[in-house]
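All values below were derived from every heavy atom in this structure, side-chain atoms included, with hydrogens, water molecules and symmetry-related copies excluded. Order of the sequence lines sets the chain letters (A, B, ...), proteins ahead of strands, with each chain counted from 1.
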Number of protein chains: 2
Amino acid sequence: MSSRLKDVAARAGVSVRTVSNVVSGSAPVAEETRARVQAALDELGYRPNLAARNLRAGRTGVIGLAVPELHSPYFAELAGLLVEAARRRSWTVVIDQTFGEPDAERRLLADTGGRLVDGLIISPWSVSPEDLTARARDVPVVLLGERDPHGAADRVAVDNVLAADQATTHLIETGRRRIAALGLQPHLRNGTAQQRLTGYRDALARAGLTPDPALERTVTALHRRDGAEAMTALLASGARPDAVFAFTDELALGALHVAHEAGLSVPGDLAVVGFDDIEDGRYAHPPLTTVVPDKRQIAERALQCLADRVYSPAPGVPPLDVVVPHRLEIRGSTGPAVR
Amino acid sequence: MSSRLKDVAARAGVSVRTVSNVVSGSAPVAEETRARVQAALDELGYRPNLAARNLRAGRTGVIGLAVPELHSPYFAELAGLLVEAARRRSWTVVIDQTFGEPDAERRLLADTGGRLVDGLIISPWSVSPEDLTARARDVPVVLLGERDPHGAADRVAVDNVLAADQATTHLIETGRRRIAALGLQPHLRNGTAQQRLTGYRDALARAGLTPDPALERTVTALHRRDGAEAMTALLASGARPDAVFAFTDELALGALHVAHEAGLSVPGDLAVVGFDDIEDGRYAHPPLTTVVPDKRQIAERALQCLADRVYSPAPGVPPLDVVVPHRLEIRGSTGPAVR
DNA sequence: CTGAAAGCGCTAACAG
DNA sequence: CTGTTAGCGCTTTCAG
């Protein structure tokens, strides 16, 4: 079966202390002894028991990642990048899905007391950042996709207000005047949708366009089907939009689908902009103009925040607010208007 | 700081044993004592230390999931379902991405000796099942997406040959005669592509159609871009297909994209079938006909296999070969041919 | 440079 | 029903 340090020591005729030194390199070992120990190590196929090591060290080398749902392309991609970045630091990632349920999000934080994880990266939906961080008892937490200034934990996010403003401004520049905002989520507490709405309204105001409540559409979730439903309702309402700024690419793709079914030409009759830069958007018809957050950097910076908190016990350091760059990528879905 | 069993015991004026009993319920405790202990537990916000518990129990309650890449919609969705199913069993899932690299896949199995995980679910690409399972030293392994009969570990998969046959037969029934197979991967060792090719050829043979090597196209990876490249090459080759059976939905969507750009009407000029039923397929233009594997059941059965191996130490049980149901979902991309 | 031994927090066998 | 205690496998202090 599986061999312990003690077994290796017996086989090499040394003490466990020496074997431990060979394995960890924490103290010098005579060349001859080392060779003998190494041979025993190899023969027995020794693997350290992580549980014992963790118990001793008080650290696990595991971090938790909580996303609302993994089947969303955006979160899947982000999770992939985080796992990759963690691996580079020799960390393991356990993933949990909250489905945006307040209880799941709260329970998660309560559970961290179990020390399975050294830290937690969480992308909250239902629960407000304040509520979440108040519960993070013992481990450092990094919040994703937030820009709430009243922070009690590190945050990593793009500048949603600015990005939404740029996306809307781009639509205005292609000659659109009746631009719909698709993706309001007044029931959610994470603030992201609110920030994108603010950017949208800012852009309209700057261009001297009066916001029309009929063009601001609420969704319950952020999938293609929600985008499709909202778009159907928008068209049925008689609001006659000439452009749509969808708060996520998935919503935009749902809207695009409905526009096609309704016989609208894109971008001739209707321009569409999304947010997130998921891969499907690049292969849509036409390819989807979108706000591209630097996801790789989101992952990298989030992990950096965690590393700093976990390995540098400096309790005085105030919460960081990391703003990650983004850019607007213009593709076929926002060509000039045709009348 | 964080409190131990000993602290709670001191506060409640009992021994650690009693506190442990209250926490785990493994032995009866007098009602009065229990109340006192519970109060102490609550006041101190006690959380068991998982590392210590694991060291003691020899089990971690953590299972590993290794997928090639998380940003693939199919794997993302599957991972989500597995995490969900694991949660129902109070298991935690650590996720790793292999990117199909042989070294990553092998290292993963070598590492399992560290006992971070009680079991491993792996979806192999580069490494053959035999190679993989030979390395699984101490923990049970479940293979996903395989149907190799020479098994040394449990497997869970759909019947790829049958499914591919049905997809191809459906195309034949809509009047197609020059059906391309898109997605051969001779460099991979996992056998899935080979099985789908077999099913494709079976269907052609049954219909009395002669296979045309020019219609069988190889890809290096399974993303939209690979499907697009293969489709471009196919059209440029002058092979004049009237249908495409793509081995994954992502490939199919890439092919669809190229078909549109080339001015082909779908399904009039070209019918397209995919495999996997990823969400984007439902919102494509036209919606993509596809083979729908029962992913929820794949997740459920894989976990069941692991649970049986981990909790029922019956070394004699031979490897299971679980075949999960699938169906062909016919959508707009495979209407009747128009000439 | 190497050995002996304490102890991380928890569970369970063994008393009482 | 409850207290005492050994020990899971590892790291590390203290001696030698």
Q: Quick one: B/D7 CG to C/dC8 P, roughly how many Å, whole number?
A: 11 Å

Q: May I have the distance from A/R36 (atom CZ) to C/dT2 (atom C1'), rounded to whole angstrom?
A: 11 Å

Q: NA contact type, A/S20, heavy-atom cut-off 4.0 Å: base, sugar-phosphate, or nothing?
A: base

Q: From CG of A/N49 over to C1' of C/dC8, roughly how many Å is that when rounded to an integer?
A: 13 Å

Q: If every non-hydrogen atom of A/G145 is compared with every non-hydrogen atom of A/T192, which pair is closest and at what distance?
A: O-OG1, 2.9 Å

Q: Map A/V16 and A/T33 onto DNA chain C by nearest heavy atom, then report which one ends up closer to the 5' terminus.
A: A/T33

Q: As a test of reading the structure: which of C/dC8, C/dC1, D/dC10 is closest to the side chain of A/P48, going by heavy atoms?
A: D/dC10

Q: Expressed in angstrom and rounded to an integer, what is the separation of A/L50 atom CG from D/dC8 atom C1'?
A: 15 Å

Q: Between C/dC10, D/dT2, D/dT12, which nucleotide has the shortest distance from any of its atoms to the side chain of A/R17?
A: D/dT12

Q: For A/R296, does the CZ atom have more than 12 heavy-atom neighbours from other residues, nucleotides or ligands under 6.0 Å away?
A: no

Q: Rounded to whole angstrom units, what separation is found between the CG atom of B/L55 and the P atom of D/dA6?
A: 17 Å

Q: Can you tell me the distance, in whole Å, between the CZ atom of A/R53 and the P atom of C/dG9?
A: 19 Å

Q: How many Å lie between NZ on B/K6 and P on D/dG3, as a whole number?
A: 16 Å

Q: Mind calculating the distance between CG (B/L5) and C1' (C/dG7) to the nearest angstrom?
A: 16 Å

Q: Measuring from the side chain of A/N21 (C-beta onward, heavy atoms only), which nucleotide among C/dT2, C/dC10, D/dC1 has the closest atom?
A: C/dT2

Q: So which of B/D118, B/T92, B/N54 actually passes side chain to side chain donor-acceptor pair (under 3.5 Å) with B/T60?
A: B/D118

Q: If you only use heavy atoms from C-beta on, which nucleotide in D/dG3, D/dC10, C/dG9 is closest to the side chain of B/S15?
A: D/dG3

Q: The test is side chain to side chain contact (heavy atoms under 4.5 Å, CB included); show your working for A/L222 and A/Y74 and say whether it passes.
A: CA-CA 11 Å; A/L222 297 174; A/Y74 175 75; over 6 Å; no

Q: Using only side-chain N and O atoms of B/R4, determine if any of them is under 4.0 Å from OP1 or OP2 of C/dG9.
A: yes

Q: Closest nucleotide of DNA chain D for A/A52 versus for B/A27: which of these residues is on the 5' side?
A: B/A27

Q: Using atom types as modelled, flag every donor-acceptor pair under 3.5 Å from a side chain in residues 28-35 of chain B to any protein atom, sequence neighbours excluded.
A:
none

